[in-house]
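Atoms considered below: every heavy atom in the structure, side chains included; atoms not considered: hydrogens, waters and symmetry mates. Naming: A, B, ... by sequence-line order, numbering from 1 per chain.
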Number of protein chains: 2
Amino acid sequence: MGIFSKTCEYAIRSVFFIAHRTENGSRVGIKEIATGISSPEHFLAKILQDLSKKGIVKSVKGPHGGFYMDESTLQRPLADVVEAIDGNGLFTGCGLGLVSCSESKPCPLHNEFKVIRKNIHEMLLKTTIKEFNGDLNLGVTNLKK
Amino acid sequence: MGIFSKTCEYAIRSVFFIAHRTENGSRVGIKEIATGISSPEHFLAKILQDLSKKGIVKSVKGPHGGFYMDESTLQRPLADVVEAIDGNGLFTGCGLGLVSCSESKPCPLHNEFKVIRKNIHEMLLKTTIKEFNGDLNLGVTNLKK
DNA sequence: TAAATAAAAGACAAAAAACTCTTTTATTAT
DNA sequence: ATAATAAAAGAGTTTTTTGTCTTTTATTTA
């Protein structure tokens, strides 16, 4: 198990890829994205449909169509992508899976996990989708399996 | 999705429960544990069999049998329980699921996740299984759903 | 306006995780 | 020794997640 679901991992990698690949204002097709991030094409298609409905990515059908992102979306925090796919359980849920866990009825690890969750949330809130373009362009970072 | 698998959540809650419930040197049966942590009894049985094989809990069959933990195990860090069930992927794996992710071929979030993973690992290494007994005895903390 | 293109949508299939039920084995107390 | 007890083990089922394949819809270019 990772921190994110597989679906969410693909979602994050795909928005990084789309952001990087369409910096010049172009669009990129599902096949190229799937290859670029080592994901199953049709599974990724579902994820992008979902992200599209939620306004994270844009798409156009037909010749020279494909996926892209507008400038305001590129500046959104990564937390928005995670929340769109995995929900906010990672930021708010109990580390031990207790639905009733709260300040007044805490699990034993309540305070410890509060810190962890805060770390994760803050990290994802302060990172924007587009800020990784530079390193991807330079080939310093990688999105393939 | 939580940080841990459901199996691991039950494992942690059960070791907390056993530690707390057998402080006086007694043993506690699977039914009482399952009730005490709101888990499916037979599913938990499998988990405890696994923890038993790995030396995290001890068990004796027959009348007045049940589960308990010896003093040295009670002082082990929670990280040992997590690693026994979920493995060390949480501490070492790539946040974006890339098997080839490394210092020389990092994913875009490599450094960010290094911090997160370190936080989680250190927290689980410095907490011992038995240190939560006090609050459980006082009824301050809770293990039930 | 017709053909080509590419995403959207729908319907499955496989694998993994979570959960259940029954039988067996070991231990203890009578 | 025997019966009662309780964990161990085995053999499933269900649900969720992940992945595949096909058909439909929208757009563009010729």
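In terms of phosphate contacts, A:T7 brings no side-chain nitrogen or oxygen within less than 4.0 Å of OP1 or OP2 of D:dT17. For the OP1/OP2 pair of D:dT18 and a distance below 4.0 Å, the side-chain nitrogens and oxygens of A:Y10 include no atom meeting the criterion.
Looking at B:L98 and A:R13, their side chains come closer than 4.5 Å, going by heavy atoms from C-beta outward. Between A:E83 and A:L90 there is no side-chain heavy-atom pair separated by less than 4.5 Å.
For A:T35, there are no side-chain contact (heavy atoms from CB on, under 4.5 Å) partners at least two apart in sequence or on another chain. For the side-chain contact (heavy atoms from CB on, under 4.5 Å) test, residues two or more places apart in sequence or in another chain that qualify with B:S26 are B:R21, B:T22, B:N24.
If you check residues 84-95 of chain A against DNA chain D, you find no residue with a heavy atom closer than 4.0 Å. Near-neighbour residues of DNA chain D inside residues 24-60 of chain A, defined by a heavy atom below 4.0 Å, number-ordered: A:P40, A:H42, A:F43.
Ion pairing of B:E23 with B:K130 is absent here, as no side-chain N (NZ or NE/NH1/NH2) approaches a carboxylate O to less than 4.0 Å. Using a cut-off of 4.0 Å between Lys/Arg side-chain N and Asp/Glu carboxylate O, A:E122 and A:K118 are scored as salt-bridged. A salt bridge links B:K114 with B:E103: at least one charged nitrogen is closer than 4.0 Å to a carboxylate oxygen.
Between chain B and DNA chain C, the heavy-atom contact criterion of under 4.0 Å yields a 5' to 3' nucleotide range of C:dA18 to C:dA29.
Counting Ile, Leu, Val, Met, Phe, Trp and Tyr side chains that sit under 4.5 Å apart, directly or through other members, B:V99 stands alone, with no cluster partners.
With B:Y10 as the aromatic partner, B:K6 meets the cation-pi criteria of under 6.0 angstrom to the ring centre and within 45 degrees of the ring axis.
DNA chain D is contacted by both B:F67 and B:P63; B:P63 maps to the nucleotide lying nearer its 5′ end (nearest heavy atom per residue).
Ring geometry for A:F16 versus A:F132: interplanar angle of 30 to 60°, hence tilted.
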